[in-house]
Amino acid sequence: MTTARKGIEATLDLLWTGLGRPGRGPRHRLTVQRVVEAAMNVVESEGVEVLSMRKVAAPARPPGNLAGEGRGLGP
């Protein structure tokens with residue numbers, strides 16, 4: 001395997017898995033799994049046509065809320 005290929009694989013591994021749990025400070029709140037789950041929730045509730053990172057990141061809203069029914073990662 002070439003050095004460039006190893007570097008790319010190391011970069012992708014870091015992007016997808018992160019640095020692990022920090023020893024100090026706040027814990028990481030986002031994981032790839034949480035982002036994918038939030039995206040799937042948006043797709044299942046509103047359709048793939050409206051899928052965007054803004055929708056994925058939007059806070060979840062209770063049904064009937066006039067502002068819309070978000071299904072995202074928000075608090």
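FYI, side chains are in, hydrogens and waters are out, and symmetry mates aren't considered; it's all heavy atoms of this structure.
Legend: residues meeting side-chain contact (heavy atoms from CB on, under 4.5 Å) with Thr11, ordered by chain and number and at least two apart, are Leu15. Applying the side-chain hydrogen bond (donor to acceptor under 3.5 Å, both in side chains) rule to Gln33 yields the partners Glu37; only residues at least two apart in sequence or on another chain are considered. Remark: Ile8 engages Leu12 in a side-chain contact (heavy atoms from CB on, under 4.5 Å) (not counting sequence neighbours).
Taking NZ of Lys55 as the start and CG of Asn41 as the end, the distance is 13.0 Å to the nearest 0.5 Å. For the atom pair CD of Glu44 and CG of Leu51, the computed distance is 11.5 Å after rounding to the nearest 0.5 Å.
Residues Val50 and Val48 do not share a hydrophobic cluster, clusters being chains of Ile/Leu/Val/Met/Phe/Trp/Tyr side chains in contact below 4.5 Å.
Considering every non-hydrogen atom in both Ala38 and Val56, the closest pair reads CB-CG1, 3.8 Å.
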